[in-house]
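Everything on this sheet refers to the single structure shown next.
Source: prediction; values computed, not measured.
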Amino acid sequence: KRYKSQQKDKELIAIQKEQIEARSQEIMDSIIYAKRIQAAILPRESKIKKLLPDSFIYYNPKDVVAGDFYWLEEVSDGILLAAADCTGHGVPGAMVSVVCNNSLNRAVQQMGITNPADVLNKTRELVADEFNKSEENLKDGMDIALCKFSGSKLFFAGAHNPLWIIRDGKLIELKGDKQPIGAFEKEFPFTSHETEIQKNDLIYIFTDGFSDQFGGDKGKKFKSANFKNFLLQIYHLPMQTQLQELTTMFGNWKGDLDQVDDVCVIGVRI
């Protein structure tokens, strides 16, 4: 009886294991398909090369799908470019990214808004409208750096995230406002920055995933100051070489530790 009971238990465990494996595979297949959908909303490489030929995008999701995304749009008076970091990562972050990406598209493509600060103001309104349809009182949204290249001028607005210009070995920072795209108690209009850009200026926008990564000998964060110094060391290199250097540095710094967040870094040489 004991032997038969043990055999039944083994058979039951085997069946349960098969069911779990089948369910896990089904979930993974769904996530992989979700990745294909998310990839479809990102700008095509051919479009990036056409509009920003001397540039790179380092995009390194933490999971199969990501909360970070990059965005590019040609408008009547220039080129809009953004690096965005939505609430969370993985599947929840990816779902928020679709809402935020769609809101950016509506603000620019349907409503014809091209000034970065005005785009962010309208995008915040559209994102809030989407989440207010729910009774769950959602607080999701995104941090973003959004700039527009228009002739010799650069326009910028940011939700938390800044824009860096490296010129002749010196770094100039345009700071984002300390508020997100999404629910916020003390909401105010986004600040519009305008500056002249010069030939060979390096423009960088990014999310916080690179500087927040733990690693190194002491397992500490990379931090923004080290990120600045690293870009100042490599800015003179060709853009594809910079991409390789960023990829190598991130991998070396992270080592055997887990990646803590999605990473997106965009560089453009004028």
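Side-chain contact check for Trp253 and Asn226: no donor-acceptor pair (N or O, by modelled atom type) lies under 3.5 Å.
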From CA spacing to verdict: side chain to side chain contact (heavy atoms under 4.5 Å, CB included), Val263, Tyr59: CA-CA 6 Å; Val263 178; Tyr59 185 59; over 6 Å; no
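Expressed to the nearest 0.5 Å, how far NE2 of His236 lies from CD of Gln233 amounts to 9.5 Å. Here Met239 contributes atom CE and Leu202 contributes atom CG; the two are 5.0 Å apart, rounded to the nearest 0.5 Å.
Side chain of Ser97 to backbone of Gly67: no donor-acceptor contact under 3.5 angstrom is found. Asp85 contributes no side-chain N or O that, together with a main-chain N or O of Asp68, makes up a donor-acceptor pair within less than 3.5 Å.
Val108 has its side chain within reach of Leu80: a pair of non-hydrogen atoms, C-beta onward, lies under 4.5 Å apart. Using a 4.5 Å heavy-atom cutoff, the side chains of Leu72 and Lys47 are in contact.
By the 4.5 Å side-chain criterion applied to Ile, Leu, Val, Met, Phe, Trp and Tyr, Leu12 is assigned to no cluster and stands alone.
Using cut-offs of 30° and 60° on the angle between ring planes, the pair Tyr204 and Phe56 is tilted. By the 30° and 60° cut-offs, the orientation of the rings of His193 relative to Phe156 is tilted. Between Phe250 and Phe210, the ring planes lie tilted relative to each other; the angle falls in the 30° to 60° range.
Checked for salt-bridge contact, Arg124 and Glu187 meet the test: a charged N lies under 4.0 Å from a carboxylate O. Of the charged side-chain nitrogens involved, at least one lies within less than 4.0 Å of a carboxylate oxygen, so that Asp201 and Arg167 count as a salt-bridged pair.
Checked against Phe206 for a ring-ring contact (aromatic ring centres under 6.0 Å, His included), the options Tyr70, Phe222, Tyr58, Phe227 give a single hit: Phe227.
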